[in-house]
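Read through the structure below, which is laid out as structure tokens, and then see the notes.
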Amino acid sequence: MLLWAGASMAEAAAASAPTEVSPFFQEAADCSAAYKAGVTARLAQPKTDARDKAILEDTERSFVFIGVAYKQGLRKAEADPLLEEAEQRWTKLPKAEQAKRLAACTTHADKLMGEISFVERYAVQNRAKARVEQQFDKEKKKHER
């Protein structure tokens with residue numbers, strides 16, 4: 001999911017200098033990992049309108065974090081390792097802690113969605129819809145075999 005965040009580091013950052021990760025970038029990675037896990041779990045469930053709507057909503061929420069992080073300077077070279085680490089942490093959390101963190105992510109994602117411009121919101125929703133349609137196409141092809 002963080003592939004959308006960009007193809008290269010910002011030129012202002014020195015390639016060899018260690019950088020401190022912004023708390024927001026860490027939160028974006030953590031929330032994206034949480035939403036990715038949720039989408040993966042839902043894709044394993046029987047197809048229903050409610051399931052598909054939840055997948056789209058989770059993808060939009062993940063993408064709003066990604067878009068805001070990108071706007072703040074996060075790029076792929078830094079984003080991919082952050083996401084990988086966040087995914088590893090997520091799997092080690094107890095279910096109750098996962099639920100608590102996911103609720104906090106959802107609250108913040110909904111706030112971010114309300115704060116971004118109409119054009120940015122359209123871009124987030126459009127990219128999320130395209131990603132979900134791509135996932136559903138893969139799912140459909142898998143079941144046709």
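When all heavy atoms are compared, the tightest approach of Val64 to Ala109 is CG1-O, 3.7 Å. Smallest separation of non-hydrogen atoms from Leu43 and Glu139: O-OE2, 3.4 Å. Heavy-atom minimum distance, Gly73 versus Phe25: C-CZ, 4.1 Å.
Residue pairs meeting the side chain to side chain donor-acceptor pair (under 3.5 Å) criterion with at least one partner in residues 91-100, sequence neighbours excluded, are Glu97-Arg101.
Using a 4.5 Å cut-off on side-chain heavy atoms (C-beta onward), Leu82 and Leu74 make contact.
The OG atom of Ser32 lies 9.0 Å from the CD atom of Glu87; values are rounded to the nearest 0.5 Å. With values rounded to the nearest 0.5 angstrom, Gln134 atom CD is found 11.0 Å from Thr59 atom OG1. Between atom CZ of residue Phe63 and atom NZ of residue Lys129 there is a gap of 14.0 Å, rounded to the nearest 0.5 Å. Rounding to the nearest 0.5 Å places NZ of Lys47 at 4.5 Å from CZ of Phe136. Of the inter-residue distances, the one linking Arg121 atom CZ with Glu115 atom CD reads 10.5 Å to the nearest 0.5 angstrom. Taken from CH2 in Trp90 to OH in Tyr35, the straight-line distance is 9.0 Å, to the nearest 0.5 Å.
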- request: Might you work through the side-chain contact (heavy atoms from CB on, under 4.5 Å) test for Gln26 and Ser22, ending with a clear yes or no?
  value: CA-CA 6 Å; Gln26 190 64 60; Ser22 138; over 6 Å; no
message: Ser117 vs Tyr122, test: side-chain hydrogen bond (donor to acceptor under 3.5 Å, both in side chains). Steps then yes/no.
response: CA-CA 8 Å; Ser117 73; Tyr122 174 80; over 6 Å; no
message: Before you tell me yes or no, could you show the steps for Val21 and Glu78 under side-chain contact (heavy atoms from CB on, under 4.5 Å), namely the whole-Å CA-CA distance, both residues' side-chain angles and the distance that decides it to 0.1 Å?
response: CA-CA 9 Å; Val21 176; Glu78 186 181 11; 4.1 Å; yes
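Salt bridge status for Glu60 with Arg127: absent, with no side-chain N to carboxylate O gap under 4.0 Å.
Annotation: salt bridge (Lys or Arg N to Asp or Glu O under 4.0 Å) contacts of Arg42 (sequence neighbours excluded): Asp58.
Cation-pi geometry between Lys76 and Tyr70 is not met at under 6.0 angstrom from the ring centre and within 45 degrees of the axis.
A side-chain donor-acceptor contact under 3.5 Å links Arg51 to the backbone of Gln45.
Within 6.0 Å of the CD atom in Glu84, the count of heavy atoms belonging to other residues, nucleotides or ligands does not exceed 12. Within a 6.0 Å sphere centred on CG of Asp137, heavy atoms belonging to other residues, nucleotides or ligands number more than 12.
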